[in-house]
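Structure first, commentary second.
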Amino acid sequence: GNSVTQMEGPVTLSEEAFLTINCTYTATGYPSLFWYVQYPGEGLQLLLKATKADDKGSNKGFEATYRKETTSFHLEKGSVQVSDSAVYFCALSDGSTGNQFYFGTGTSLTVIP
Amino acid sequence: DTAVSQTPKYLVTQMGNDKSIKCEQNLGHDTMYWYKQDSKKFLKIMFSYNNKELIINETVPNRFSPKSPDKAHLNLHINSLELGDSAVYFCASSTRGGSYEQYFGPGTRLTVT
């Protein structure tokens, strides 16, 4: 079956620190992979995605590379800001009927000045 | 323009009551979803509709009943509310199949007292 395992939080970093949030997946077939971000009191927003192996998704300074050999999609940012404080969700979609998503448990990030 | 909207944003009610949450999307998508997010931010898929047809129906109490009057709307009706129903409920939409991302509404925070 499909599943996503995500690094547990919470994560606390100082401003300008390097961020990595680990995500590994199990899937049948060839899934698409996503990172969503949820700011306090809001819904989830798509941060980036990758649809095939070796694709790199990037947005707002965040990056993640689809690694089929390690079944991973780790999120990275070189220099975090206070405004990046949020909960980050890794997800996969296998494109099956209903386009069902499988979400990780979420990682809470707090960036302190 | 709001892509996916939900009403109400907050809902406080007593045990045993019946309540509804409404969702509308103006993205022209043909698939809509309901998720439940608990206090630990864990997201659980509840239902998915494609063109008014139920296609994902996860294990949820039958007190929860989705209704889709047209493909732009997916409402959630909850009967006989219980304390454990307290959560944030998110509506989402996407196009069917492929690797299309889901777009989320702002959420409805339901508190059952």
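Quick note on labels: first sequence line is chain A, next is B, and so on, each numbered from 1.
Only the side chain of B/Tyr35 comes within contact range of chain A, with heavy atoms under 4.5 Å apart. Residue B/Lys9 touches chain A through its side chain alone, counting heavy-atom pairs closer than 4.5 Å. At a 4.5 Å heavy-atom cutoff, the contact between B/Gln37 and chain A is made by side-chain atoms alone. At a 4.5 Å heavy-atom cutoff, the contact between A/Gln38 and chain B is made by side-chain atoms alone.
Residues B/Tyr33 and B/Phe104 place their aromatic rings such that the two centres sit no closer than 6.0 Å.
The pair B/Arg63-B/Asp85 meets the salt-bridge criterion, since a charged nitrogen lies less than 4.0 angstrom from a carboxylate oxygen.
Nearest heavy-atom pair, A/Leu44 versus A/Phe89, reported as atom, atom and distance to 0.1 Å: CD2-CD1, 3.9 Å. When all heavy atoms of A/Trp35 and A/Phe73 are compared, the pair lying nearest together is NE1-O, 2.8 Å.
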